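Data block below; observations after.
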Amino acid sequence: MALPPIRLQVLIATHRPEGIARVAAMNLPRLEDVDYLVSWQDSGDIPVPVELEGRRDVRVIRFDRPGVSANRNNLLEQASGDFVLIADDDLIYTEESLTNVLACIYAHPHIGYFSFRYKGPDNKVYPQEACSLDKPPRGFYQTAFEVALYNPNRRNREGRLRFNEYFGPGAPVLTAGEDEMLLLTARKMGLKCMYFPIDVATHPGLTTGSRKATPGVAKSNGAIIALEHPVTWPLRVTVNSWRMARKGRMGFLPALWNMAHGAVYALYRRRWMLPSSK
């Protein structure tokens, strides 16, 4: 028996006039089973660009609260697709890439959390084959726009998954790590999380994980480590500080100081940051 049609909704977070201009320039593919929802922060009185306003498959909503994670959560709250694909405002999608994502979802309709891969100058290394993310492979790290989720407004545990607003650009202390935190939260909730070697999009620039690390990024790394490994985090933070220094992203002592700061900050708030059990 054939499955009913699955509608994929691409959730694009953006902010400021230059952000919505980037969305307008994305030339979003037109596909029967795909539509686009854009959450636009700091929009002011700027009108929606005609390239988006005139499309029936694009909906733009304005959002005033600060923070990337809050913006993404606004998208999840407003989403109506059977599955949603997390997106940024500077990605390049093709009909083929979105069709491949839909085909993967059709083939695995009972998975709640899909992780894919992207092309870009980061040259990010991925597993060669599909694998479970219940225990991510060594060296694996998550990027938000690689992720597709089961409908976030269904009355089940998949529907409760949201970005943690303590993390991400615009957060007061932990200004990165919202991507990894989403996966960690999904795992703690007991969702079935899988990676598939499918190219979902092209990202033309470097992502945060490939740039020089700021104190907020280092603190976020330390926080993620501590939440995932609350007993062994001091050793892991030390090793990761050394690795950050070896890659030239930050000096060892500043990295260690900031990672440890982030770890303590997160552990003190652990009960609000992670679900208590699966």
Side-chain angles (χ1 to χ4, degrees), residues 13 15 41 65-76 86-88 90 113 115 118 120 122 124-125 133 136 138-147 161-189 193 203 205-275:
H15 69 121
Q41 287 172 314
R65 279 206 298 126
V68 168
S69 291
N71 202 13
R72 294 201 191 282
N73 283 340
N74 183 50
L75 286 162
L76 292 173
I86 308 301
D88 277 352
D90 57 352
Y113 186 110
S115 184
Y118 70 90
D122 294 311
K124 185 177 173 181
V125 178
L133 295 179
R138 184 177 180 84
F140 182 90
Y141 65 95
Q142 188 69 87
T143 304
F145 57 77
E146 297 168 336
V147 177
L161 181 62
R162 294 291 185 270
F163 283 86
N164 188 305
E165 296 184 18
Y166 279 103
F167 290 81
V173 177
L174 309 175
T175 59
E178 71 280 10
D179 323 66
E180 295 93 335
M181 192 64 191
L182 183 71
L183 175 56
L184 178 58
T185 303
R187 289 167 49 211
K188 295 291 185 182
M189 291 173 66
C193 305
H203 187 267
L206 294 174
T207 58
T208 303
S210 299
R211 302 173 187 156
K212 287 282 188 181
T214 65
V217 168
K219 290 172 185 174
S220 303
N221 290 350
I224 295 290
I225 291 169
L227 291 172
E228 189 165 10
H229 306 284
V231 176
T232 60
W233 72 265
L235 176 60
R236 294 174 185 272
V237 159
T238 302
V239 171
N240 278 271
S241 298
W242 174 77
R243 288 174 179 165
M244 185 176 285
R246 188 178 63 172
K247 292 178 181 178
R249 299 188 65 214
M250 181 178 279
F252 172 72
L253 289 178
L256 182 61
W257 169 260
N258 283 292
M259 281 198 194
H261 181 172
V264 173
Y265 178 88
L267 289 174
Y268 183 75
R269 295 161 178 80
R270 179 181 173 85
R271 62 182 294 186
W272 298 289
M273 288 190 173
L274 280 179

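Here, residue 1 is the first one in the sequence, and each next residue gets the next number. The model shown is predicted, which means the values in this text are computed figures rather than measured ones. Just the heavy atoms: all of them, side chains too, but no hydrogens, waters or symmetry mates, feed the values below.
At least one donor-acceptor pair under 3.5 Å links the side chain of Ser69 to the backbone N or O of Phe167.
Between atom CG of residue Leu161 and atom CG of residue Leu182 there is a gap of 4.5 Å, rounded to the nearest 0.5 Å. With values rounded to the nearest 0.5 angstrom, Tyr113 atom OH is found 12.0 Å from Met189 atom CE. Taking CZ of Phe140 as the start and CG of Leu133 as the end, the distance is 4.5 Å to the nearest 0.5 Å. Distance CG/Leu256 to CG/Asn240: 11.0 Å, rounded to 0.5 Å.
Across all non-hydrogen atoms, the minimal contact from Ile86 to Ala144 is CB-O, 3.3 Å. The heavy-atom pair separating Met273 from Met181 by the smallest distance is O-CE, 3.3 Å. Taking each heavy atom of Leu267 and Pro230 in turn, the nearest pair found is CD2-CB, 4.2 Å. Pairing each heavy atom of Gln41 with each of Pro66, the nearest pair is NE2-C, 3.6 Å. The shortest heavy-atom contact between Ala255 and Met244 is CB-SD, 4.0 Å. The minimum heavy-atom distance between Trp233 and Ala260, with the atom names listed, is CZ3-CA, 4.3 Å.
Residue pairs that meet the salt bridge (Lys or Arg N to Asp or Glu O under 4.0 Å) test with at least one member in residues 163-184, sequence neighbours left out, are Arg65-Glu165. Under the salt bridge (Lys or Arg N to Asp or Glu O under 4.0 Å) criterion, no residue pair touches residues 265-274, with sequence neighbours excluded.
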CA sep, side-chain torsions, deciding dist, call: Val125, Tyr141, side-chain contact (heavy atoms from CB on, under 4.5 Å):
CA-CA 9 Å; Val125 178; Tyr141 65 95; over 6 Å; no

Exercise for review: Would you please test Glu228 and Arg236 for side-chain contact (heavy atoms from CB on, under 4.5 Å) and show each step?
Suggested key: CA-CA 11 Å; Glu228 189 165 10; Arg236 294 174 185 272; over 6 Å; no

*Carefully, step by step, assess Leu183 and Ser115 under the rule side-chain contact (heavy atoms from CB on, under 4.5 Å).*
CA-CA 9 Å; Leu183 175 56; Ser115 184; over 6 Å; no

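Using a 4.5 Å heavy-atom cutoff, the side chains of Asn164 and Trp272 are not in contact.
The neighbour count for Phe252 CZ, taken as heavy atoms of other residues, nucleotides or ligands under 6.0 Å away, is above 12.
Take Ala87 and apply the side chain to side chain contact (heavy atoms under 4.5 Å, CB included) test, not counting sequence neighbours, and it matches Val10, Ile12, Leu91, Tyr93. Judged as a side chain to side chain donor-acceptor pair (under 3.5 Å), and not counting sequence neighbours, the contacts of Asp88 are Arg72. Taking Asp90 as the reference, nothing meets the salt bridge (Lys or Arg N to Asp or Glu O under 4.0 Å) condition, with sequence neighbours excluded.
Ring geometry for His203 against Phe145 counts as parallel: the plane angle stays under 30°, on a 0 to 90° scale with 60° as the upper cut.
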Per-pair distances, 0.1 Å, donor-acceptor, side chain in residues 214-225, under 3.5 Å, sequence neighbours excluded:
residue, atom, partner, partner atom, Å
Thr214, OG1, Val217, N, 3.2
Ser220, OG, Thr175, N, 3.2
Ser220, OG, Ala176, N, 3.0
Ser220, OG, Ala176, O, 3.2
Ser220, OG, Gly216, O, 2.7

